[in-house]
Amino acid sequence: MNIPFLGNWRKKRGPARGVAVFSDGDADPSSVAELLSECELLRSQAEQAGVELDDSAASLEALDQVVPRWRDDDEILPWLGNDAGLYLGTVIVRTVPGASWAVWPSGHPVVRLASGREIDVVDAGHTWASTGAPELTQVYAEAAEV
């Protein structure tokens, strides 16, 4: 879809960033984790590149090696950044002992480690999708060593 004024607006302000999860406070943590782990766009892109996303640290390494053809697509980049961050968070929550999803009052999901440290995985995903650095495996390694 080509909307001229929208392209100019994005150039001035950059792409939309972030994802919000809202709940009434009584949300089941496993339901929130399931919702956040869907990452349909990223899974589709990974499948096209021959990468299996099995929620493992090895799959993050494989994603880091994928040729970033999406960087030239202003429409897909913010969505892929969200999915990359949510997938990173999913891998951390499923493989790092004591890690869990937390939702800030604004509705922004983060990963809370056993130490209490919070990682803004969505921001990390956006940065990875647009620049490739830090690599997803680097963010994961920092979370796993705490």
Side-chain angles (χ1 to χ4, degrees), residues 1-47 51 53-64 66 68-146:
M1 177 188 284
N2 185 15
I3 304 172
F5 72 86
L6 187 56
N8 292 335
W9 182 86
R10 283 187 184 136
K11 287 177 187 172
K12 292 178 187 173
R13 292 169 181 79
R17 295 176 74 108
V19 65
V21 177
F22 296 99
S23 88
D24 59 5
D26 296 329
D28 174 27
S30 63
S31 297
V32 172
E34 185 178 332
L35 173 68
L36 295 176
S37 70
E38 288 180 1
C39 314
E40 290 180 35
L41 178 60
L42 180 68
R43 289 182 190 278
S44 170
Q45 293 281 322
E47 184 179 329
V51 174
L53 299 186
D54 60 1
D55 300 346
S56 70
S59 66
L60 294 174
E61 187 173 343
L63 278 174
D64 284 336
V66 171
R69 292 186 172 98
W70 59 80
R71 289 197 183 129
D72 294 331
D73 189 334
D74 289 341
E75 296 211 10
I76 198 172
L77 186 62
W79 296 101
L80 193 68
N82 278 337
D83 277 10
L86 295 176
Y87 183 72
L88 170 63
T90 296
V91 173
I92 293 170
V93 167
R94 292 187 177 166
T95 62
V96 175
S100 63
W101 285 106
V103 180
W104 289 343
S106 66
H108 188 78
V110 295
V111 171
R112 182 174 295 139
L113 303 176
S115 66
R117 179 176 158 231
E118 292 182 343
I119 301 172
D120 187 347
V121 291
V122 173
D123 185 56
H126 278 282
T127 302
W128 173 82
S130 62
T131 67
E135 292 183 334
L136 299 174
T137 52
Q138 180 182 349
V139 177
Y140 174 83
E142 290 171 4
E145 72 182 26
V146 173

Nearest 0.5 Å, please: how far is [atom2] in [Y] from [atom1] in [X]?
X	Y	atom1	atom2	value
Tyr140	Glu145	OH	CD	11.5 Å
Glu34	Thr90	CD	OG1	11.0 Å
Gln45	Asp83	CD	CG	9.5 Å
Leu63	Leu88	CG	CG	10.0 Å
Leu136	Gln138	CG	CD	10.0 Å
Leu42	Glu47	CG	CD	11.5 Å

Might you point out which heavy atoms bring [X] and [Y] nearest each other, and give the distance in Å?
X	Y	answer
Ser59	Asp54	CB-OD1, 3.5 Å
Val96	Ala143	CG1-O, 3.9 Å
Leu113	Ala99	CD2-CB, 4.1 Å

I'd like to check the side-chain hydrogen bond (donor to acceptor under 3.5 Å, both in side chains) partners of [X]; sequence neighbours left out, ordered by chain and number.
X	value
Asp73	none
Asp120	His108
Ser44	none

Could you check Leu86 against Trp101 for side chain to side chain contact (heavy atoms under 4.5 Å, CB included), going step by step and ending with a plain yes or no?
-> CA-CA 10 Å; Leu86 295 176; Trp101 285 106; 4.1 Å; yes

Could you check whether any side-chain N or O of [X] sits under 3.5 Å from a backbone N or O of [Y], counting only pairs where one atom can act as donor and the other as acceptor?
X	Y	value
Arg71	Ala129	yes
Tyr87	Asn82	no
Asp64	Glu135	no

Does any non-hydrogen side-chain atom of Trp128 lie less than 4.5 Å from one of Val139?
-> no

How about Pro109 and Val122: do any of their side-chain heavy atoms sit closer than 4.5 Å?
->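 They are in side-chain contact.
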
Over 12 non-hydrogen atoms of neighbours within 6.0 angstrom of CD in Glu118 = yes

